[in-house]
Amino acid sequence: MLLRVFFFWFIFLKIGLHSIQTQTSFTASANPEAVYVGEILDLEFSLVNGNWGELELPDLGLFQIISGPARSFRTSVVNGQTERRTSYTYRVRATEEGNFRLQPARLFSGGLILKSNEVDIMVLKASDRDKDSPEFLLKARLSCDTCYLGQQITLDLELYTRKRITDFAVLNEPSFPALHSRRLTNLRNFQTTRDTVNGELFNKRVLRRYILFPQRAGEFGGQVFDLRIVEEDQNPRWRGFFRLGGEVHYRSVEVPAFWVFNQPPNTPENFTGHIGKFELVTANGNNQLQSGELMSMNVIIRGDGDPVTMSPPGFDISGGLHLSDIRLNREDVIELDGRLRTTREWQVLFRADSVGEHSISPYLIAYDPVQDSFYRRDGRPVFATVEPGEPSDFGISSDETEVTSVTDQVEINLFRHPLSWIGISLMATAFLLFLFFKRRNKTEDSIDAVNRLKRSMEEISNRKYDAPKEHCGALLNALDGYISSMIELPMSEWEDENLKSELAKVFAPDKVLKILQLRSSLIAGTFGYSAHNAELIARELHDWLEEKE
């Protein structure tokens, strides 16, 4: 008996330790992973769901510790699971060039020894900085160059900089014919990182991410993005809190060519047409049927494929049942981890033709473009028992009950007490005063913005330009500065509809159309799409300001 107790206690202890080890993780990371000699980087060690103990650092070699460790805590709840993260961060300086791999650190915690991952760091010569290399680069990066119908394609608009910027604006955002496109709105997970281009270090930032779903086979690409970049002012007097805008730069980039094919090669016969990563979930109602009845089963498909091509799954059906009908109940599309995730729920009806034990097994035959291979996803099999008898009047075996809820409504008369009238009057008076002073300040700011634009236009008219593009660019810079002072929308969100709606809050509709037309002419003249007379545009802009006053 004692031996049995000891045995079960030993198994319980092993299971508990295994659970702890699977939930606890110890990782190491470097930020950034590429630096020049003499630059400083952060070396961070993080423990998730564990108790911090004694940390044994790896041999840092040619990296000199400047400060640390700085300790930080963070607790988060994801899908009902609580995650506790404790981090220790050291600031280290790279002293020599080369590609370095730091060995795992060790953490002694509660009788356990945890090892982190290895960390790779690239250190370049400080003398390798090419002062003549461009300070700003713009790239359009596709997730694939050989794609298939139904595949989710990501297009990233990336900005590489060697200087700080205060703002940017996408002046030309092309359309994508024969492609369903959607721009992601949440880019918080895309942090600024570092990357090398031709041996030079740049700060890389994803400005826009587009999700593309091709609707036909063929060759695509060639569209052009135009970007306006505002550099941070290098004047030491205005650094720090104000961070005023400095020199303006313009960059363009073309979307690389890519090819779309109808389906991958060597496609199996039972291929369901799904391209990407998918999950399959099944659920059904009553499994007790009578001959001739319909059985309802819900099938949920989740994945990153094109919703249009996410067809119902296939079914392995035993004899005695046959597929009667398939209906799409719901469809949800959300943003998740920088991609679109679609959920489609199908209601499938099967008719019972003969008595006995029967089974239904839904499946997907999908293609993973990353692994370049086909794979199968099987849903949970559903078993049904069919007995002889007459079918029910409704034909579907699962019962449907309508549930209603009654909410008691309680009326509260806020105006019954006389003191309430005094409070409401005071609040109304304060609100009217607030609107009055806000309107007055806004009017004064508007007058100042108009005067600044007029002075800028006068200075521009007195300069000499080597090309009309430079003249248009100077006017565009002045006009954008005026618009920025009149609306609260950041330049990174100056899309046509957003800008039009914000300007409509300040100007009359005809004034909005005119200023947008002038701005479009200046953009076209700046990038050389067509010849535009900068002096004529300046006169029209001056007339627009006079009419506005």
Quiz prompt | Intermediate values then yes/no, side-chain contact (heavy atoms from CB on, under 4.5 Å), Ile229 and Leu138 | solution = CA-CA 10 Å; Ile229 307 164; Leu138 193 62; over 6 Å; no
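- Annotation for Met457 and Ala538: closest pair CE-O, 3.3 Å, computed over non-hydrogen atoms.
- Nearest approach of Pro307 to Thr342, heavy atoms of both residues: CG-OG1, 3.4 Å.
- Phe271 has its ring centre no less than 6.0 Å from the ring centre of Tyr367.
- Here the straight-line distance linking atom OG1 of Thr154 with atom CZ of Arg209 works out to 4.5 Å at 0.5 Å rounding.
- For the pair Glu335/Leu340, a side-chain contact is recorded, criterion being any heavy-atom separation below 4.5 Å from C-beta on.
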Self-check item: CA sep, side-chain torsions, deciding dist, call: Lys139, Glu158, salt bridge (Lys or Arg N to Asp or Glu O under 4.0 Å)
Solution: CA-CA 5 Å; Lys139 290 188 176 183; Glu158 300 174 342; over 6 Å; no
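- Checked by atom type, the side-chain pair Tyr210/Asp156 shows no donor-acceptor distance below 3.5 Å.
- Here the straight-line distance linking atom CZ of Arg162 with atom CD of Glu135 works out to 5.0 Å at 0.5 Å rounding.
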Exercise. Show your working on side-chain contact (heavy atoms from CB on, under 4.5 Å) between Phe278 and Met310 and close with a plain yes or no.
Key: CA-CA 10 Å; Phe278 297 91; Met310 283 178 61; 4.1 Å; yes
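- Here Trp544 contributes atom CH2 and Leu479 contributes atom CG; the two are 8.0 Å apart, rounded to the nearest 0.5 Å.
- Going from atom CD1 of Ile487 over to atom CG of Leu503 covers 5.0 Å, rounded to the nearest 0.5 Å.
- Side-chain contact between Cys144 and Ile153 is present, with at least one heavy-atom pair separated by less than 4.5 Å.
- Arg463 has no carboxylate O lying under 4.0 Å from a charged side-chain N of Glu470, or vice versa, which leaves the two without a salt bridge.
- For the atom pair Leu159 CG and Lys204 NZ, the distance stands at 11.5 Å (nearest 0.5 Å).
- Taking 4.0 Å as the cut-off between side-chain N and carboxylate O, Glu497 and Lys500 do not count as a salt-bridged pair.
- With contacts defined as side-chain heavy-atom distances shorter than 4.5 Å, the pair His274/Ser311 qualifies.
- Looking at Ile483 and Ile515, their side chains come closer than 4.5 Å, going by heavy atoms from C-beta outward.
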Practice problem: Any chance you could lay out the side-chain contact (heavy atoms from CB on, under 4.5 Å) test for Glu345 and Val299, step after step, and finish with the verdict? | Solution: CA-CA 6 Å; Glu345 182 178 0; Val299 181; over 6 Å; no
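- Ser485 places none of its side-chain heavy atoms less than 4.5 Å from the side chain of Leu453.
- Judged by distance alone, with hydrogens and angles left aside, the side-chain atoms of Arg216 form no donor-acceptor pair with the main-chain N or O of Ala178 at under 3.5 Å.
- Here the shortest heavy-atom pairing between Ile537 and Ser521 reads CD1-CB, 3.8 Å.
- Using a 4.0 Å cut-off between charged side-chain N and carboxylate O, Arg341 and Asp304 make no salt bridge.
- Note that OG1 of Thr272 is 4.5 Å distant from CG of Leu364, once rounded to the nearest 0.5 Å.
- Considering only heavy atoms from C-beta on, Leu207 comes within 4.5 Å of Leu227 through its side chain.
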Exercise. May I have the step-by-step check of side chain to side chain donor-acceptor pair (under 3.5 Å) for Asp368 and Ser373, ending in yes or no?
Key: CA-CA 6 Å; Asp368 186 350; Ser373 62; 5.6 Å; no
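- Looking only at atom types and distance, the side chain of Arg164 has no donor-acceptor partner in the side chain of Asn203 under 3.5 Å away.
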Self-check item: side-chain contact (heavy atoms from CB on, under 4.5 Å) between Gln215 and Phe213, intermediate numbers included
Solution: CA-CA 6 Å; Gln215 302 303 300; Phe213 290 114; 3.8 Å; yes
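- Taking the side chain as every heavy atom from C-beta outward, Ile523 and Asn172 never approach each other to under 4.5 Å.
- Between Phe136 and His249, the ring planes are tilted. Angles from 30° to 60° get that label.
- Of all heavy-atom pairs between Gly338 and Leu184, the closest is O-CD1, 3.3 Å.
- Note: Tyr482 and Phe507 have parallel aromatic rings, judged against thresholds of 30 and 60 degrees for the angle between ring planes.
- Counted within 6.0 Å of CD on Glu331, heavy atoms from surrounding residues, nucleotides or ligands total more than 12; the atom is thus considered enclosed.
- Under the 4.5 Å side-chain criterion, counting only non-hydrogen atoms from C-beta, Glu502 is not in contact with Asn498.
- When every heavy atom of Leu142 is checked against every heavy atom of Val255, the shortest pair comes out as CD1-CG1, 4.3 Å.
- Here the closest heavy-atom approach between residue Pro214 and residue Tyr148 is recorded as CG-O, 3.8 Å.
- Of the possible polar contacts, none joining the Asp306 side chain to the Thr309 backbone as a donor-acceptor pair under 3.5 Å is found.
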